[in-house]
Amino acid sequence: MGDERSGSAVHLLCLAASSGVPLFCRSSRGGNPARPQLPFSVIGSLNGVHMFGQNLEAQLSSARTEDTIVVWKSFHDSITLIVLSPEEGTSELRLERLLQMVFGAMVLLVGLEELTNIRNVERLKKELRASYRLIDSFLGDSELIGDLTQCVDCVIPPEGSLLQEALSGFAEAAGTAFVSLVVSGRVVAATEGWWRLGTPEAVLLPWLVGSLPPQAARDYPVYLPHGSPTVPHRLLTLTLLPSLELCLLCGPRPALRQLDPQLLERWWQPLLGPLRTCLPLGPRALPDGFPLHTDILGLLLLHLELKRCLFTVEPFGDKEPSPEQRRRLLRNFYTLVTTTHFPPEPGLPEKAEDAVHQAQLPRACYLVLRHGEPRRGLRLMVLQLGPRQLLLLLAPQSPTHGLRSLATHTLHALTPLL
Amino acid sequence: MARPPAPGSVIVPDWHESAEGKEYLACILRKNRRRVFGLLERPVLPPSVVIDTASYKIFVSGKSGVGKTALVAKLAGLEVPVVHHETTGIQTTVVFWPAKLQASDRVVMFRFEFWDCGESALKKFDHMLPACKENADAFLFLFSFTDRASFEDLPGQLARVAGEAPSVVKMVIGSKFDQYMHTDVPERDLTAFRQAWELPLLRVKSVPGRRLADGRMLDGRAGLADIAHVLNGLAEHLWYQDQVAAGLLPSPQENAPG
């Protein structure tokens, strides 16, 4: 795969499983869609080797070459997704979860029926164009981490209870149980009904809203991959302030025009101040003044039962290393701990032997980066306590013997929030 | 719809380029960039200035790919998407535009709410077209100069969308006018269309918006200059139609198309 043109981009292929007809081809480099970036012969071979395995009742899931990882995934015996990624800094886990997100995005915008019952390939290709923007956002460098953790990216607003009250009142007035407030793709507050949404729609909906260009209001048909994959619902969004949107999931009522200026003014105009304080929360995730140790350069807190997470690489707004680098380090660290040391799901021990086994499971681990400036000396620490997992990126000056207590302290401080 | 007013008879044209106009435009610009307003926000004018706001709902109709979303983005001063992504459902965009009335010399803040929906979503889901048409004050019919089929589809669209709403303002806009080398719609066809339908017809270029000195941000002021004629035209027809409906102006006989 030493093709100069592909460079170091991530390539995603979607094919109809039975016929092998390519449905679309996306890449993280975007750009000119008219220029094919992977030759058809390569696409054919990748699909062919997968189908060959299937015919022999073998499931081909991944492969590595010198410079590329390839992961295959089949959905409902109807759609095959293949992703190719340059080796550096990626893993099967990340790519498998990426494919799950991508298929979820396809169902979200096109519906499961169209994908499992492919009657007209040309028409399906046309319909799938609606999902390109969302799928491209998964291939690029996003500030969010829900695609990898399968937990909803959240932020903590300074006046959460006020917002929560307004949200419940508004939800009742609008006639739907599913309402949330989303800033830059992260959930600020939501009704109970919204929090009960399943995976992957709980992650996909805020992510979708965050990936769209600014509009005052929208009325989009969506199919919920877990909750309602064949019957569409309506996703209504209202931009209260730039990048802060109110999202509603509902059936045929209410009509978009019923969410008129008067209704918004009644419930949200009085909260203009608290709403404005939510705007900078996107990259920061935590309210201003929240006591965090100054050595912390990046933070990822996961609540594995609630499936929510807090992710920030700019707790104090300092510069070195850059936010992109910090994100990459924390993402790779998360992948490492999830595949190697920590089981993905917390579970109650069934029998005595399991209880003993649980006690032997690692509770914390850390590593120190050795190579490359400005990464040299950076510390990565993970601590698990019950359903919560905290990953920290710390500055080189942070003493290693103090890491565990720093992490424990931070986890205790964050526990009431998530 | 009554006979359209002569351009410039209701709204002072080029007022936005006068000193007074520029002062008012400052409320929708911030350092030469277009301000984006959330639904809880509106342009802020000096406390001594009190002007009325006239709100209108405008449905933008046209075949897939003619540039509906791009036109609305241009009118709102937002980035026009480089790659065409079919609109998944209904989208609304709010544009504020201060304009000066000829008759009373009064400045009015126009609030245009553009409704735009992807063609395949309109066909697939029944609730979308009625939601877009309901209580609309104006319909904008878009065709592209580079797509003959979109021009020929106009009569059909006019019937489908505006058939049951005779008093709603209807305007036709031709996009991608800058691509005159590839134009599929010659001038004589436009003239014939104008004579047959008696609808105001505007042309919009689809060139990328000018950027500020840093090369990244869109130049809001320059962008406004590019589309002022569309916003003024829209304001004019809507205000005129309101006057006629309120009985403040004598209404000439209806002109049936064709």
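So you know, we letter chains A, B, ... as the sequences are listed, proteins then strands, and number each from 1.
- B:Arg33 CZ: 12 or fewer foreign heavy atoms inside a 6.0 Å radius.
- Only the side chain of A:Arg276 comes within contact range of chain B, with at least one heavy atom under 4.5 Å from a heavy atom of that chain.
- Of all the heavy atoms in B:Thr88 and A:Ala130, the pair that sits closest is OG1-O, 4.3 Å.
- Closest of all the heavy-atom pairs between B:Gly38 and A:Pro242 is N-CD, 3.9 Å.
- For the set A:Arg257, A:Glu245, A:Arg129, the entry with the most heavy-atom pairs within less than 4.5 Å of chain B is A:Arg257.
- Using non-hydrogen atoms only and a strict 4.5 Å limit, no part of residues 143-150 of chain B faces chain A.
- Contact residues of residues 114-126 of chain B toward chain A are B:Trp115, B:Lys124, B:Phe125 (heavy-atom distance under 4.5 Å).
- Within 6.0 Å of CD on A:Gln258 lie more than 12 heavy atoms contributed by other residues, nucleotides or ligands.
- Residue A:Leu238 touches chain B through both its backbone and its side chain, counting heavy-atom pairs closer than 4.5 Å.
- Of the two parts of B:Glu134, only the side chain, counted from C-beta on, holds a non-hydrogen atom closer than 4.5 Å to a non-hydrogen atom of chain A.
- Between atom CD1 of residue B:Ile90 and atom CZ of residue A:Arg234 there is a gap of 7.5 Å, rounded to the nearest 0.5 Å.
- Counting heavy-atom pairs under 4.5 Å between each of A:Leu235, A:Leu240, A:Leu236, A:Leu109 and chain B puts A:Leu240 at the top.
- Between A:Leu256 atom CG and B:His127 atom NE2 the span is 9.0 Å, to the nearest 0.5 Å.
- Among the residues in residues 44-74 of chain B, none has a non-hydrogen atom closer than 4.5 angstrom to a non-hydrogen atom of chain A.
- Contacts between residues 205-228 of chain A and chain B, defined by a heavy-atom separation under 4.5 Å, are made by A:Pro214, A:Gln215, A:Ala216, A:Ala217, A:Arg218, A:Asp219, A:Tyr220, A:Pro221, A:Tyr223.
- In this structure, no portion of A:Pro252 lies under 4.5 Å from any heavy atom of chain B.
- Counting all heavy atoms, side chain and backbone alike, B:Leu40 lies closest to A:Leu264 at CD2-O, 4.1 Å.
- Considering A:Leu272, A:Leu241, A:Thr239 as possible partners of B:Glu41, the one that fulfils the side chain to side chain contact (heavy atoms under 4.5 Å, CB included) test is A:Leu241.
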